[in-house]
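Since the structure comes first, as structure tokens, the remarks are kept for the end.
Proteins come first, then strands; the chains are lettered A, B, ... in the order of their sequence lines, and each starts at number 1. Side-chain atoms are counted along with the backbone in the values below, which use heavy atoms only and exclude waters and symmetry mates.
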Number of protein chains: 2
Amino acid sequence: MASRSGPTLNMIASALDVSVATVSNALSGKGRLSAELTKRIRDKADELGYTPSQAARALRTGRSRVLGLVLPDIANPLFPQIAQAIEYAASTAGYGILIADSRGSVAMQTDAINRLIERDVDGILIVPRLGTRIVDVGRPLAVIDSPSTPNSTVSADHWQGGQLVMEHLVSLGHRHIVLIGNNPSSNVQNDRIGGMRSRLPPGGRAQVLWIEQHEDICGKGAPLQLVERVNAGATAFAAVSDLHALRALTELQNAGIPVPARVSVTGFDDLAWSAMITPALTSVRMDVASIARLAIEALLQAIESDPPGTTGAVTAETSSVPMTLVVRQTTAPPFVPINNQNAPEGEPA
Amino acid sequence: MASRSGPTLNMIASALDVSVATVSNALSGKGRLSAELTKRIRDKADELGYTPSQAARALRTGRSRVLGLVLPDIANPLFPQIAQAIEYAASTAGYGILIADSRGSVAMQTDAINRLIERDVDGILIVPRLGTRIVDVGRPLAVIDSPSTPNSTVSADHWQGGQLVMEHLVSLGHRHIVLIGNNPSSNVQNDRIGGMRSRLPPGGRAQVLWIEQHEDICGKGAPLQLVERVNAGATAFAAVSDLHALRALTELQNAGIPVPARVSVTGFDDLAWSAMITPALTSVRMDVASIARLAIEALLQAIESDPPGTTGAVTAETSSVPMTLVVRQTTAPPFVPINNQNAPEGEPA
DNA sequence: CTGAAAGCGCTTACAG
DNA sequence: CTGAAAGCGCTTACAG
């Protein structure tokens with residue numbers, strides 16, 4: 001009953017009058033066969049367009065060669081980048097990616113994980129919901145978040161990214177900077193803000209403006225009252241995300257404050273539209289390809305070292321990947337006494 | 001070798017001294033067993049935390065209960081919404097979603113499809129790349145694009161969405177409108193533009209501004225020269241995507257043209273940040289949940305009617321789902337003689 | 001109403 | 001160097 005569409009090992013075997021075991025070995029390169037037979041078998045397999053049955057292989061080996069990817073509220077526009085990079089890294093390694101969305105709540109995150117496990121994934125990649133600590137899912141696990149997250153496996157070095165931003169703003173001459181975030185309990189945001197602060201020169205001011213706290217990253221709502229900040233002397237707005245930067249930018253422009261002539265705006269994550277708007281946003285990019293590759297590597301290692309059927313341990317080593325600054329606004333603050341427009345080295349105070 | 005982590009039918013069977021066949025029947029409700037035995041078996045299964053082996057089931061039945069989702073260049077921010085809705089609809093129906101990204105080229109789209117087929121997906125959902133016509137992938141297929149796309153299965157009614165936008169602008173008193181798109185060969189964009197045009201009253205002007213054509217939806221590049229259009233009398237900019245609307249909005253603001261006091265800007269797709277910027281964007285939303293549900297339904301029907309192993313036919317019936325207008329800018333054009341601010345019914349010309 | 005048996009397609013010791 | 005055989009966990013006729 002219920003036969004497959006494609007040819008099977010059996011069909012190759014009988015076409016060549018050899019055993020299935022021999023065909024299997026030839027294709028996998030495991031038993032040592034004569035080079036001649038191996039070639040004949042491989043040619044026949046190609047000719048027939050043989051594809052191994054994942055189901056049979058999985059049943060036999062106890063491994064599905066499928067990984068689960070659990071993402072938090074998908075409203076976060078970073079999702080596509082990560083999903084794309086993970087899918088690429090996984091398929092390069094011969095694995096498929098089953099997605100599961102944990103939108104809404106921590107409970108749904110648990111559901112998502114369970115759904116994946118029921119589908120026999122070999123391991124799970126997760127970008128955890130805020131404040132969640134994923135401990136043991138009974139399967140090898142890789143956590144992608146921030147270096148500050150307990151048992152994180154891989155992440156961007158958000159702190160260092162923050163340093164890049166502040167160094168850049170300071171080199172332009174900015175000394176009074178408003179940092180914008182929306183969630184004081186997000187490790188990612190705190191790392192970015194911490195990094196920025198750590199590079200503020202003596203005498204500089206950097207106050208954090210926490211916009212209203214929403215579960216999802218894009219809080220709608222009351223204006224941020226940025227004009228007051230400008231009047232108070234702020235010359236730069238450094239947001240922890242391009243989303244917040246966009247919100248700040250449009251609000252400033254709407255209030256008639258020219259950007260970047262009067263104030264600069266920077267963000268994080270270099271989202272799809274960041275280069276496209278006017279003015280384009282200076283931003284900091286994570287190396288999603290490397291993060292994905294490292295996450296997959298760590299996960300596969302955990303999978304391959306644990307015998308199937310074992311309750312896999314959480315992978316232990318944490319690595320953090322440097323971020324890159326993408327400069328698109330290079331205007332110096334207008335009222336700081338500096339000599340030239342382009343990034344003076346000195347400290348004009 | 002390579003046993004599973006969880007309990008098997010066999011373990012339940014021997015714990016209860018019945019046969020595996022009986023356990024299988026009890027759990028699936030297929031053979032008719034005594035209510036009493038059925039209950040005992042189910043309780044035992046729950047107690048042991050039984051999860052069926054997908055691999056074994058797939059091998060036996062010839063169905064993996066996994067669907068593939070192929071997405072075009074993921075730079076399109078609509079992706080998360082769709083992926084989320086599809087994943088939800090699929091998991092409700094007991095299916096998993098394996099993702100494959102066709103970023104870059106048509107060749108990669110083919111690769112993506114092949115990767116999914118090699119993983120034995122039961123069917124494929126695809127948002128095709130521009131200009132691609134997916135004909136036969138040897139597996140049931142559902143195409144999500146525009147009603148104008150040949151063999152589309154489900155899509156939003158982009159034409160009707162365009163009508164909503166134009167009706168709204170016209171009701172506010174706008175008569176000179178610039179339509180913004182970036183790809184004249186996109187069915188989606190053409191439908192939206194066609195719909196908008198179809199509702200332009202006699203005497204109204206609606207010229208299309210095609211911004212430079214990129215594979216990906218967010219073309220960076222030269223300014224759009226919108227100020228000239230404003231000087232020429234345009235009072236509204238209606239883009240085929242929030243992305244283009246954002247680009248227009250920031251460019252106008254940057255040029256010192258107040259939005260929406262002087263001109264209005266509308267988009268499409270109601271992206272995450274559309275409500276958050278200043279001013280918020282009037283937009284048109286697709287009902288992704290319904291689209292996903294219909295796509296999954298059509299696909300599952302095709303899967304269930306074709307015996308496994310058959311080259312599944314492309315599903316035939318096309319349905320299109322109405323879009324919804326989300327009004328966020330209600331300012332009438334300043335120099336059109338109208339009586340009140342809020343959407344006069346007459347035609348002030 | 002319940003069970004014995006075959007078989008889905010593969011891989012892996014093991015024997016020849 | 002190659003093959004016969006067992007078995008992964010399930011489902012489905014079929015027999016009792």
Side-chain angles (χ1 to χ4, degrees), chain A residues 1-42 44-45 48-65 94 118-120 122 307-309, chain B residues 1-42 44-45 48-65 94 118-120 122 307-309:
Chain A
M1 231 102 313
S3 61
R4 309 180 61 230
S5 37
T8 63
L9 278 193
N10 218 326
M11 294 167 62
I12 299 176
S14 43
L16 258 35
D17 255 323
V18 293
S19 75
V20 278
T22 301
V23 177
S24 175
N25 285 329
L27 261 26
S28 66
K30 279 193 180 153
R32 59 249 83 200
L33 316 203
S34 70
E36 188 261 345
L37 219 206
T38 303
K39 180 161 173 14
R40 270 178 60 220
I41 290 174
R42 293 216 168 134
K44 188 50 122 185
L48 263 36
Y50 171 73
T51 335
S53 156
Q54 298 297 325
R57 183 175 278 177
L59 179 57
R60 180 58 232 241
T61 62
R63 325 219 102 139
S64 60
R65 307 218 66 153
E118 279 171 17
R119 294 211 166 272
D120 289 346
D122 290 339
Chain B
M1 234 100 313
S3 61
R4 306 181 62 232
S5 36
T8 64
L9 280 192
N10 218 327
M11 293 167 63
I12 301 176
S14 44
L16 257 38
D17 255 321
V18 293
S19 74
V20 277
T22 301
V23 177
S24 175
N25 285 329
L27 260 26
S28 66
K30 278 192 180 153
R32 56 259 73 207
L33 316 203
S34 70
E36 187 260 345
L37 218 206
T38 302
K39 180 163 174 12
R40 269 178 59 220
I41 291 174
R42 295 219 165 129
K44 189 48 121 184
L48 262 36
Y50 170 73
T51 336
S53 154
Q54 297 296 326
R57 183 175 276 177
L59 179 57
R60 180 58 231 237
T61 61
R63 328 218 98 144
S64 60
R65 307 218 69 159
E118 278 170 18
R119 295 211 167 272
D120 289 345
D122 289 339

Do the side-chain N or O atoms of [X] get closer than 4.0 angstrom to the phosphate oxygens (OP1, OP2) of [N]?
X: B/Ser24; N: D/dT11; value: yes
X: A/Arg57; N: C/dT11; value: yes
X: A/Thr22; N: D/dG3; value: yes
X: B/Ser19; N: C/dT2; value: no

Between atom [atom1] in [X] and atom [atom2] in [N], what is the gap in whole Å?
X: A/Asn25; N: C/dG9; atom1: CG; atom2: P; value: 19 Å
X: B/Met11; N: D/dC8; atom1: CE; atom2: P; value: 12 Å
X: A/Arg60; N: C/dT11; atom1: CZ; atom2: C1'; value: 4 Å
X: B/Leu27; N: D/dG9; atom1: CG; atom2: P; value: 16 Å
X: B/Leu48; N: D/dG9; atom1: CG; atom2: P; value: 14 Å
X: B/Ile12; N: D/dC10; atom1: CD1; atom2: C1'; value: 12 Å
X: A/Leu9; N: C/dG7; atom1: CG; atom2: P; value: 18 Å
X: B/Arg63; N: D/dG9; atom1: CZ; atom2: P; value: 24 Å

(message) A side-chain contact here means heavy atoms from C-beta on lying under 4.5 Å apart; do A/Leu37 and A/Thr22 qualify?
(response) yes
(request) Give DNA chain D the dot-bracket treatment, 5' to 3': Watson-Crick (N1-N3 with N6-O4 or O6-N4) or G-U (N1-O2, O6-N3) under 3.5 Å, [ ] crossing, | other strand. (result) |||.||||||||.|||
Atom of [X], atom of [Y] and distance for their closest heavy-atom approach:
X: A/Ala55; Y: B/Ala58; value: CB-CB, 3.7 Å
X: B/Arg42; Y: B/Ala26; value: NH2-O, 2.7 Å
X: B/Ala45; Y: B/Leu27; value: CB-CD1, 4.2 Å

Where the side chain of [X] meets the backbone of [Y], is there a donor-acceptor pair that is under 3.5 Å apart?
X: A/Arg119; Y: B/Arg65; value: yes
X: B/Ser24; Y: B/Val20; value: no
X: A/Asp120; Y: B/Gln54; value: yes

(request) Consider the side chain of A/Ser34, meaning its heavy atoms from C-beta on, and name the nucleotide among D/dT2, D/dT12, C/dT12 that approaches it most closely. (result) D/dT2
(request) Side chain of A/Val18 only, please: which of D/dG3, C/dT11, D/dT11 is the nearest? (result) D/dG3
(request) Between A/Val20 and A/Thr38, just flag the one whose closest nucleotide in DNA chain D comes earlier from the 5' side. (result) A/Thr38
